[in-house]
Undergrad: 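Next up is a structure, given as structure tokens.
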Amino acid sequence: MKPVNAAGSETANRNRLPRDAAKKRAVFLRGARDGVSIGLGYFAVSFALGIAARNAGMTAFQGFLMSWLGMASAGEYAAITVIAAGASYLEMALVSLIANARYLLMSFALSQRLSPETGIGHRLAIGYSVTDELFGIAVAQPKPLSPLYSYGSYAVTIPMWAAGTALGVVMGNVLPVRVVSALSVALFGMFIAVIIPPARKNRVVLLFVALSFLASFLLSRLPVTAALSSGTRTIILTVALAAAAAAFFPVGDDEEGSA
């Protein structure tokens, strides 16, 4: 048996370290590069979100902090809506939880792509900012997914999302009222752009989109539910319609995989 050369082994280890560092740096930069186009889109959307936050009486710092910690357009808009309505903290928490519940499933899916040796700290850090778009680029990476790839994409997209919201609040305070009112419509345009394509492809989605509009109008007019806050009505409608869709039109494995 050949004797082990300690000096040679130490030299090999020193040579391996720079190569490992370069590999990790390349993975991080690949994530940052893939996140640039997403970040630009986030900036435009969050600017409109900032206008809505300004209309709800929030400051630029509050809008920045909300987006930095929240990173969810629908969830943040739902929170802004209940804030503007003077809802309780409990209603805000429930609305945010329901609106962002899908990210729990995305986090579970991403955790399955990580190496079993990945520590809980990295897993929690990746789960911190799982959005639809960032999930899409992460899940497309070969297994095992490196946490550095997600960190690279987060390093670009999170600051752009938060900065867009803060700028929207600032510009909402500077621009004329008519311009702010016009820009406020942009966020509704974003939600229409989100729901129309799947509604055109799937009649069930179209049905429940229409039902949500109708039910929202009825609940705001019926004597019992009209007395409730808008946040409470949103919680009731979201849970009821989602439960009905899951019960009567469950999505099969094949259909889910092809979506």
Undergrad: What I'd like to find out is whether the side chain of Val27 reaches to under 4.5 Å of the side chain of Lys24, using heavy atoms alone.
TA: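 They are not in side-chain contact.
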Undergrad: Backbone N or O of Ser129 within a donor-acceptor pair of the Tyr154 side chain at under 3.5 Å?
TA: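 Checking the backbone N and O of Ser129 against the side chain of Tyr154, a donor-acceptor pair under 3.5 Å is found.
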Undergrad: Give a yes or no on whether the backbone of Thr59 and the side-chain of Gln62 come within a donor-acceptor separation of less than 3.5 Å.
TA: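 Between the backbone of Thr59 and the side chain of Gln62 there is a qualifying donor-acceptor contact (under 3.5 Å).
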Undergrad: Tell me, do Arg200 and Leu206 make a side-chain contact under 4.5 Å, heavy atoms counted?
TA: no
Undergrad: Which atom pair, heavy atoms only, marks the closest approach of Ala60 to Val169?
TA: N-CG1, 3.4 Å
Undergrad: Compare every heavy atom of Ser107 with every heavy atom of Gly127, then report the nearest pair and how far apart it is.
TA: CA-OG, 4.1 Å
Undergrad: Is it true that a side-chain atom of Glu76 and a backbone atom of Ala72 form a donor plus acceptor pair closer than 3.5 Å?
TA: yes
Undergrad: Please examine the side chains of Phe248 and Val204, heavy atoms only from C-beta on, and report whether any two atoms are closer than 4.5 Å.
TA: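 Not touching, per the 4.5 Å side-chain cut-off.
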Undergrad: Search all heavy atoms of Gly39 against all heavy atoms of Thr157 and return the closest pair with its distance.
TA: N-CG2, 3.8 Å
Undergrad: Between the side chain of Arg113 and the main-chain N/O of Pro144, is any donor-acceptor distance below 3.5 Å?
TA: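 The answer is no, because no donor-acceptor pair under 3.5 Å joins these two groups.
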Undergrad: Please check if any side-chain donor atom of Tyr151 sits under 3.5 Å from a side-chain acceptor atom of Ser146, or the reverse.
TA: no
Undergrad: Closer than 3.5 angstrom, by distance alone: can the side chain of Ser96 be matched with the main-chain N or O of Ala93 as a donor-acceptor pair?
TA: no
Undergrad: Taking Arg33 for the side chain and Gly152 for the main chain, is one N or O donor matched with an acceptor at less than 3.5 Å?
TA: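 Side chain of Arg33 to backbone of Gly152: no pair is present.
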Undergrad: Examine distances only and state if a side-chain atom of Arg123 and a backbone atom of Ser111 form a donor-acceptor pair shorter than 3.5 Å.
TA: yes
Undergrad: If we ignore hydrogens and angles and just use 3.5 Å, is the side chain of Gln141 paired with the main-chain N or O of Ala138 as donor and acceptor?
TA: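 No; zero donor-acceptor contacts below 3.5 Å.
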Undergrad: Any non-hydrogen side-chain atom of Tyr77 less than 4.5 Å from a side-chain atom of Leu49?
TA: yes
Undergrad: Supply the members, apart from Leu124, of the Ile/Leu/Val/Met/Phe/Trp/Tyr cluster built from side-chain contacts under 4.5 Å; use none for a lone residue.
TA: Ile120
Undergrad: Are the side chains of Leu90 and Leu94 in touch, meaning some heavy atoms are under 4.5 Å apart?
TA: yes
Undergrad: Which atom pair, heavy atoms only, marks the closest approach of Leu145 to Leu114?
TA: O-CD2, 3.2 Å
Undergrad: Mind listing the closest non-hydrogen atom pair of Ile80 and Ala52 along with its distance?
TA: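 In this case the closest contact between Ile80 and Ala52 is CG2-O, 3.6 Å.
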Undergrad: Thr165 side chain to Trp161 main-chain N or O, any donor-acceptor pair under 3.5 Å?
TA: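 Checked: pair present.
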Undergrad: Is a side-chain N or O of Ser216 found less than 3.5 angstrom from the main chain of Phe213, in a donor-acceptor match?
TA: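 Between the backbone of Phe213 and the side chain of Ser216 there is no qualifying donor-acceptor contact (under 3.5 Å).
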Undergrad: If every non-hydrogen atom of Ile51 is compared with every non-hydrogen atom of Gly168, which pair is closest and at what distance?
TA: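 So the two residues come closest at CD1-O, 3.3 Å.
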